[in-house]
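These notes concern the structure reproduced below.
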Amino acid sequence: MTYQAYYARALQETAQTAAATVQLQAQDLLSAVDKFEHLPYLVGAERTLSELLKSPRDAALVAQANRYLAFAKDRTEVAAIYLIAADGTTLAASNWQTETSYVGNNYRFRPYFQEAIAGRTAMFYGIGVTTGTPGAFIAAPLRVRGQTRGVVAVKIDLTPFETRWREGGLRIAMADALGVIFLTTQPDWRYRSLQALPQPAVEALRSTRQYGDAALHTLTGRQHALPIAELQALEIGTKTYLLKAHAIGRYGWQMLLFSDPAEPRRKGMAAAQIAGLSLALVYLSLALVWQYRRRQAERLASQRALAQVAAELDQRIAARTAELTAANDIAVQTGKLAVLGQMAASISHEISQPLTALRTLADNAASFLARNDAATARHNLHIIGELCVRMGSIVGELKAFARKEPVRLQTVSVQQAIAGALMLVEPSRKATGTRIQVDGADLLVQGDPIRLEQVLVNLLRNGMDAMEAQPERTLELLVRADGPWVEITVRDHGSGLSDDVLRHLFEPFFTTKPSGKGLGLGLSLSQAIVHEMGGSIQAANARPGASFTLALPLAPEHHATHPDERTAR
Ligand code: ADP
C-alpha cells in the first residue's frame, strides 16, 4: 500500500472518529436544548402569567410574575425566562432585577416570537439584543381559553459548551441554516458565515438582529478535495482543517467538527512507514518465499532435469547397453576370435601337418594309380578320408566357438573342459613358462562345454598375466564336489587382488592391463556364462595370489555314472 492509501485510510479513521465525536457532542447539545423544549409551556401554565397577559399593567401581577419566572429560572438553570405580550412587549422576566432586564423590551422582530405568537413552538439561536450574550431561545405560545395571548420564552446559554469543547480539545462550530457560525471554540469564527451569504439573508439577519451587529463576514477560504467523501478539507485563513459536518435537522443547525489534517497524514505516514517496514518484511518474506519457491522450482526443475537426464541416461544406458551387448557380442566374438587366434595358432600346426600329409597322400595316390598300383592308391585315399574327418571336427569346434549360439545345457566332463582349455592356453603357457597343476576327480557338470572352456581359458590367462613379473609361475587347478555343486578353482601365485580390483573385477571393461593386453571383458563374460549355466563365480585373495572359484551344478546323471565320486571331496 502506498502512503496515499494509508493516508486515505487514516482519513477514514479520522472521519469515523470525527463522526462519532460530532454525533456525541451534537446529542449533548441537543439534549441540553431539548430538555427545555416544554419549559415555556410548563412555565406558561402558571395562572399569574395568563393573569398578567389579561392585565399587563397590574404591577402586583408583574412583580408576582417576575418572582415566579426568577424562581423557575433558578430551578431549571436556564439563562432567562420571560413573558412577552401579544404585541412583543416583555411583561415579566426572570432577570427583572438586572441591568439588562428584558421587562419592557419589545421582541416583536424576533423570529422566535413571531413563530410562537403564530401558535408554534419556536427555536432560535441568537445574540441577546439586550444582554448581548448569545443563547438559544425557545418560545411557546401562551393560550388562554384556546387563544394565543402571549409568548413564554426561555433563553438557554449554550456558551458553556464552547468551554467544554475547548477543554475537551475539540474544535467545534455550530452553524445555523444559513451557515453562520453562532457557537464555536474558535472566537474569531463566531458570527461568520461558511459561505458568502445572499443579500436577502444578510438583510433578514439584520432585521431580526439575530447576531446583533456582527459583521457576518465570510469565513471560509477554499475547499480541497480529499480522497474520501466523508470529510472536507477547509482552508480557513492560513490553516487547513478537516471538516466533519453533522446536521441537526430539527433546528436546521449544523455541528462542524474541525480536525487537524496533520493527524491522519502523520498516521498515514506512520502506517506507511510501519507498513513499509512490514512491507519490507513482507517483501523480505515474499522474497524469501519467492526465493524458496524459486529454489523449490529450481529443485523441481533440476529434479525434472535430473529425471530427464536420468531418463536420457537410461536411454543412453539402454542404448549403450545395447551397444555394449553388441560390443559384448563383438567382444565375445572378439574374445572368441582371440581365443580362436590362439586356437588357430595352436591348431594350425595340427592342421598344417595333415594338410601337408593330405597333399602328399593325394599326390602319391595319383602316382600309384598311374603305376597301376591301385591297392596303395586306395590306402592313401582312406588315410585322406580319415584326415578329412579329423579336420572336419576341428572346424566344427571352431565354428561352434566362433558363432554366438545359445547355451545348450548338457553334461560336461570338467576334465575334458579343462583339457580343452589347457590346449587353448598352451601357446601362452609355453611362452610364459608357466606350470599348470591340475588336481581333482573327473566330475560331470551341467553346462556348455565350449563355454566352460572359454571361462577356464579366461581364468588361466588372467592367472598367467598376474604372474608375468614373477620368476616362478605356477597355476593350480582344483576340482571338487561340494554337495550339488562342482567347484573348479583356478589359483595363481601372482599379485593378488586389491580392494578396488575386487570391487570392480566382474564389471565389463574393467581392466588394469595396458591397452592391447586386455579389454576388461574376460571376467564379466565368464560370470555371464557361469550364470547362464546356473552357477556362480567368486574371486578371493589366496595370499599369495588370487583364486577364482566356479561353482557349477552337478550333472543329474553324475551319480549314476560316477556314484563313487560323490564322496570324492
Ligand atoms: P582383462 O583380463 O581384459 O583385464 P578381466 O575381466 O579378465 O579383463 O579382468 C579384469 C581385471 O581383473 C584385470 O585387469 C585385473 O586387474 C584383474 N584380475 C583378473 N584376474 C586376476 C588375477 N588372477 N590376479 C590379479 N588380478 C586379476
Side-chain angles (χ1 to χ4, degrees), residues 320-321 323-343 345 401 417-418 420-422 424-429 431-439 450-479 487-533 535-552:
R320 186 82 184 116
T321 307
E323 272 172 40
L324 275 186
T325 310
N328 276 3
D329 290 348
I330 292 163
V332 169
Q333 311 299 328
T334 309
K336 283 171 185 171
L337 282 169
V339 174
L340 272 171
Q342 300 300 324
M343 279 173 74
F401 199 90
I418 287 171
L422 289 174
L424 292 169
V425 298
E426 184 55 22
S428 304
R429 191 202 64 77
T432 56
T434 305
R435 208 157 56 89
I436 300 176
Q437 291 180 354
V438 181
D439 201 6
I450 306 296
R451 310 244 165 169
L452 181 55
E453 267 183 32
Q454 189 185 349
V455 170
L456 291 171
V457 165
N458 281 337
L459 295 179
L460 292 169
R461 292 185 65 193
N462 277 344
M464 285 188 277
D465 286 343
M467 298 184 294
E468 211 173 22
Q470 291 173 210
E472 286 292 313
R473 294 159 192 163
T474 307
L475 272 175
E476 293 160 32
L477 251 164
L478 176 69
V479 183
E487 282 185 359
I488 306 164
T489 300
V490 179
R491 191 247 164 115
D492 62 70
H493 293 80
S495 52
L497 307 160
S498 71
D499 288 349
D500 185 55
V501 169
L502 267 170
R503 268 196 298 277
H504 304 290
L505 207 60
F506 294 105
E507 290 171 14
F509 301 104
F510 174 81
T511 181
T512 58
K513 294 172 189 172
S515 67
K517 249 290 160 106
L519 281 169
L521 284 169
L523 287 177
S524 65
L525 280 169
S526 298
Q527 190 179 49
I529 289 163
V530 171
H531 285 170
E532 261 192 288
M533 296 195 294
S536 65
I537 182 168
Q538 300 286 329
N541 275 305
R543 299 190 214 287
S547 74
F548 288 84
T549 302
L550 306 176
L552 296 167

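Counting convention: from 1, in listed order, for ligands and their atoms alike.
Taking any N or O of A546, backbone or side chain, none lies under 3.5 Å from an N or O belonging to ligand 1. Ligand 1 has no nitrogen or oxygen under 3.5 angstrom from a nitrogen or oxygen of S524.
For E472, the CD atom sits in a loose shell: 12 or fewer heavy atoms of surrounding residues, nucleotides or ligands are nearer than 6.0 Å.
Within ligand 1, counting atoms from 1 as listed, the ones closer than 4.0 Å to a heavy atom of T511 are 1 (P), 4 (O), 14 (O). Residue contact check: G522 has heavy atoms under 4.0 Å from atoms 5 (P), 6 (O), 7 (O), 8 (O) of ligand 1. The contact set between ligand 1 and G496, taken as ligand atoms under 4.0 Å from a residue heavy atom, comprises 25 (C).
At a 4.0 Å heavy-atom cut-off, ligand 1 touches V501 through the side chain alone. With a 4.0 Å cut-off on non-hydrogen atoms, D492 touches ligand 1 through its side chain and not its backbone. Here F506 has no heavy atoms under 4.0 Å from ligand 1, in either its backbone or its side chain. Of the heavy atoms in L497, only side-chain atoms (C-beta onward) come closer than 4.0 Å to ligand 1.
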### Query
Checking side chain to side chain contact (heavy atoms under 4.5 Å, CB included) for the pair F548/V455: CA distance, chi angles, key distance, verdict?
CA-CA 11 Å; F548 288 84; V455 170; over 6 Å; no
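Screening L456, L478, V530 for a side-chain contact (heavy atoms from CB on, under 4.5 Å) with I488, the sole residue that qualifies is L456. Among R461, M464, E468, the single residue meeting the side-chain contact (heavy atoms from CB on, under 4.5 Å) criterion with T432 is M464.
Nearest-heavy-atom check against atom 14 (O) of ligand 1 across L460, T512, L505 picks out T512.
A donor-acceptor pair is defined here as one N or O able to donate and one able to accept, closer than 3.5 Å; no such pair exists between the side chain of R429 and the backbone of I436. Side chain of N458 to main chain of G522: a donor-acceptor pair is present (N/O by atom type, distance under 3.5 Å, no hydrogens or angles). The backbone N or O of A546 sits less than 3.5 Å from a side-chain atom of D492, completing a donor-acceptor pair.
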